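Since the model is a prediction, treat every value here as computed from it, not as a measurement.
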Amino acid sequence: MLLSYLGYLDYNVRTQFEGKRWAIPARVYASPVELYAGYNLTAAKFEALLQALHYRQDVHLSSRARILKMGLRSG
């Protein structure tokens with residue numbers, strides 16, 4: 001009895017979703033940036049990149065997509 005009910009559920013789920021697999025367009029939320037030693041990227045350009053990705057300044061770094069800008073370290 002249980003197996004026949006599971007088969008019934010499986011059939012219904014497959015028939016309902018099979019035709020709608022690509023009905024909703026995909027959205028891509030990534031913006032990959034390749035950073036490596038020697039890459040010519042100024043601090044201003046890097047800051048503009050982070051702003052375009054909706055990063056915000058936050059001294060407490062209280063949530064995701066927050067940055068803390070500090071002075072240059074020597075050494």
Considering all heavy atoms of both residues, which atom of R56 and which atom of Q51 are nearest to each other, and what is their separation? NH1-O, 3.8 Å

Is the centre of the Y39 ring less than 6.0 Å from the centre of the Y36 ring? yes

Least distance between heavy atoms, R66 atom then D58 atom: CD-CB, 3.6 Å

On a heavy-atom basis, the closest approach of L41 and K45 is CD1-CB, 3.6 Å

Please round to the nearest 0.5 Å and tell me the distance separating atom CD of E47 and atom CD of Q57. 6.0 Å

Hphob cluster co-occupancy, L3 + L9, side-chain heavy atoms under 4.5 angstrom: no

Which heavy atom of V59 sits nearest to which heavy atom of L68, and what is that distance? CA-CD1, 3.8 Å

Examine L50 and M70 and state if one hydrophobic cluster contains both, with Ile, Leu, Val, Met, Phe, Trp and Tyr joined whenever side-chain heavy atoms are less than 4.5 Å apart. no

Please tell me if the side chains of L49 and Y55 come closer than 4.5 Å, counting only heavy atoms from C-beta onward. no

As an exercise, state the distance from OH of Y11 to OG1 of T15, rounded to the nearest 0.5 Å. 5.0 Å

